[in-house]
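A quick write-up on the structure given underneath.
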Amino acid sequence: MRTYDLERFKGITIAMYSSYNEAGDVDQKAARQLARYYAKSGVKGLYVGGSSGEGMLQSVEERKQMLEAVVAEVGQELTIIAHVGAAATRDSVELARHAKAVGAHAVSAVPAIYYRLSPQSVETHWQEIVDSTDLPFIIYHIPQTTGFQLSKSLLVKMAEQDKVIGVKISAESTFELQQFKAAGGKDFLVLNGPDEQYLAGRSIGADGGIGGTYGVMPELFLKIESCYVQGQVAEAQKWQFIVNELIVELLSLPSLYGACKAILKLRGYDTGEPRLPLLPIPASELKRVEDLNQRILSYISQAEGVVQE
Ligand SMILES: CC(=O)N[C@H](C=O)[C@@H](O)[C@H](O)[C@H](O)CO
Ligand SMILES: CC(=O)C(=O)O
């Protein structure tokens, strides 16, 4: 048995987008407003500074500012996971200590980025982060961007420590997800990465998920989750299919994060544009974004049982 409470990490956790002002600097007020919007949606937690959060495009100082804003706003109500992955172990350790100091509930990290690293190197990187605080640690496995293939043996070695409570898997193989679940055991969390496969991941062993597109439709992922938990498989599948149609459209825009941010802006949550090299949505695509937003909102009403006029 682990000494950490795993329940608070199960279910739906939004990989939150970062908020910038017109100059492109971190906007803490906007971040707080967005975090408040998410708290009202009923999700379990927020994952700050990950892929969707553009942590890798920010300075250490900016990453701290984003986390501080989110924890200050909703840290008492939601589970806050701070992504501290960076190219340099020193930066990750500094961010982990900061996460602890401000009251985040867990830290998480990708393998160190840019260099092609041996498993020993990645293990050392993660271990330094784990050892730097008493917060629980969630491995972030995303081989398509980091190039690092996490082996079952390294996973098991890490998971033997009380503090290493789980792994977020963004790899597309649900078989790998299941194998990691089996290897990690009952008290080890496996969190689904690809939003398109939430139900598949959940069905094959995931305890919940952390995803970027949850941020524009948390209610739909909560719907899939509640149908799944109640054994309504056909209904869960119906909603996953709807979500996937919406994700295909989001992915057809110049950048996924730009599209999600543009949608949030239409709803009154202006988080600025994504940082380059991630592309903004040009004015010529705004009509498509508006239509997509309307479709998403109407599905959200349906999912919540609100009768449409
Ligand atoms: C690479 C990436 O950002 N993956 C996210 C997290 O795993 C997902 O939430 C995707 O954004 C989502 O599945 C859309 O493809
Ligand atoms: C965790 C995740 O989905 C993200 O960082 O975008």
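In listed order, ligands and their atoms are each counted from 1.
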Go ahead and list the nitrogen or oxygen contacts between ligand 1 and the protein that come in under 3.5 Å, distances to 0.1 Å, or just say none.
| unit_1 | atom_1 | unit_2 | atom_2 | d |
| --- | --- | --- | --- | --- |
| ligand 1 | 3 (O) | Y257 | OH | 2.9 |
| ligand 1 | 7 (O) | K168 | NZ | 2.9 |
| ligand 1 | 7 (O) | S170 | OG | 2.5 |
| ligand 1 | 7 (O) | G193 | O | 3.4 |
| ligand 1 | 9 (O) | D195 | OD1 | 2.9 |
| ligand 1 | 9 (O) | D195 | OD2 | 3.0 |
| ligand 1 | 9 (O) | G212 | N | 2.8 |
| ligand 1 | 13 (O) | D195 | N | 2.9 |
| ligand 1 | 13 (O) | E196 | OE1 | 2.8 |
| ligand 1 | 15 (O) | E196 | OE2 | 2.6 |

Proximal atoms of ligand 2 relative to [X] (non-hydrogen, under 4.0 Å):
X	value
K168	1 (C), 2 (C), 3 (O)
G211	3 (O)
S52	4 (C), 5 (O), 6 (O)
G50	5 (O)

Query - Contact partition for H83 relative to ligand 2, non-hydrogen atoms under 4.0 Å - result: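 Neither part.
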Requested in this report: Quick one: look at A15 and ligand 2, take heavy-atom pairs under 4.0 Å, and tell me if it's side chain, backbone, both or neither.
Outcome: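 Only the side chain of A15 comes within reach of ligand 2.
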Is any NZ, NE, NH1 or NH2 atom of the basic residue among [X] and [Y] found under 4.0 Å from an Asp or Glu carboxylate oxygen of the other?
X	Y	value
R288	E249	no
D207	K181	yes
K238	E235	yes
K29	E73	no
R275	E62	yes
E273	K261	no
D134	K100	yes

Query raised in the report: So is Y47 polar-close to ligand 2, meaning N/O to N/O under 3.5 Å?
Result: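 Such a contact does not occur with ligand 2.
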Query raised in the report: Between Y257 and ligand 2, is there a nitrogen or oxygen pair with a distance under 3.5 Å?
Result: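 Between Y257 and ligand 2, no N or O pair is found under 3.5 Å apart.
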Query - atom 5 (O) of ligand 2 - nearest protein heavy atom and its distance - result: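 Result for atom 5 (O) of ligand 2: S51 N, 2.7 Å.
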Query raised in the report: Would you find more than 12 non-hydrogen atoms of other residues, nucleotides or ligands less than 6.0 Å from K10 atom NZ?
Result: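 Yes.
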Report task. If the plane angle is over 60° it's perpendicular, under 30° parallel, otherwise tilted; pick one for Y214 and F221. Result ->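 Tilted: the ring planes of Y214 and F221 meet at 30° to 60°.
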Query - Counterpart residues, ring pair (Phe, Tyr, Trp, His ring centres under 6.0 Å), relative to Y269 (two or more places apart) - result: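 Partners of Y269 under the ring pair (Phe, Tyr, Trp, His ring centres under 6.0 Å) test: Y37.
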